[in-house]
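Structure first, then comments.
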Amino acid sequence: MENMPNTVPVITAADASAEAFSAYIADQRKYQCAQSRLSIIRTVAMVVLVAAVGLGLAVILPRYNSVMNQMQSAAAQIETVAAQVEQLDLLAMTESVTKLATDGSSGIESALVNVSSAMEKIDQLDIKGLNRSINDLGKVMGPIARLFGK
């Protein structure tokens with residue numbers, strides 16, 4: 001036993017590099033696991049994002065098509081109205097309206113003159129004399145009506 005010294009085992013340079021390499025490999029495995037988890041999270045997030053975009057497009061596109069169809073219909077109606085407006089003879093229409101207004105005002109003036117003359121004739125009537133004549137006629141016709149039994 002004298003041949004064996006009482007010493008602590010010494011790690012040689014070759015042994016030290018093997019331990020360091022093992023620690024390095026262990027650290028790399030932890031890093032690789034973390035990267036793997038992050039890749040899975042990123043992949044799931046992308047799948048969710050693509051699904052949300054797809055769902056959004058599935059909802060929005062039919063509405064978009066509906067709105068576009070309505071816009072095309074409205075544009076066609078506007079074109080029809082524009083074509084009709086182009087066919088109108090605005091100058092002739094304004095002249096007709098002006099003539100109608102002129103004729104209407106002269107017609108109203110004529111009617112006012114006729115009403116005025118009628119009022120003058122009514123004012124000239126002797127209403128009291130007319131009432132007396134009607135009463136006298138009633139007095140004369142009363143005995144004649146009794147004679148005929150009425």
**OP:** Could you go through the side-chain contact (heavy atoms from CB on, under 4.5 Å) check for Val115 and Met119 one step at a time?
**Re:** CA-CA 6 Å; Val115 167; Met119 290 301 292; 4.3 Å; yes
**OP:** State the CD-CD distance between Glu79 and Gln84, to the nearest 0.5 angstrom.
**Re:** 12.5 Å
Original post:
Would you say Ser36's side chain and Gln32's backbone share a donor-acceptor pair under 3.5 angstrom?
Top reply: no
Original post:
Atom CD1 in Ile134, atom CG in Leu137: separation rounded to 0.5 Å?
Top reply: 8.0 Å
Original post:
Under 3.5 Å, is there a donor-acceptor pair between the side chain of Ser73 and the main chain of Asn69?
Top reply: no
**OP:** List for me each residue that meets side chain to side chain contact (heavy atoms under 4.5 Å, CB included) alongside Ile41, sequence neighbours excluded, and say none if there are none.
**Re:** none
**OP:** State the CD-CD distance between Gln35 and Gln28, to the nearest 0.5 angstrom.
**Re:** 8.5 Å
Subject >> Donor-acceptor pair, side chain of Ser66 and main chain of Pro62, under 3.5 angstrom >> reply: no
Original post:
Can you tell me how far OG1 of Thr43 sits from CG of Leu38, rounded to the nearest 0.5 angstrom?
Top reply: 10.5 Å
Subject >> Set of side chain to side chain contact (heavy atoms under 4.5 Å, CB included) partners for Val50, sequence neighbours left out >> reply: none
Original post:
If Ile, Leu, Val, Met, Phe, Trp and Tyr residues are connected whenever their side-chain heavy atoms lie under 4.5 Å apart, and connections chain through other members, are Val48 and Ile40 in the same group?
Top reply: yes
Subject >> Whichever hydrophobic residues join Met71 through chains of side-chain contacts under 4.5 Å >> reply: Tyr64, Val67, Met68
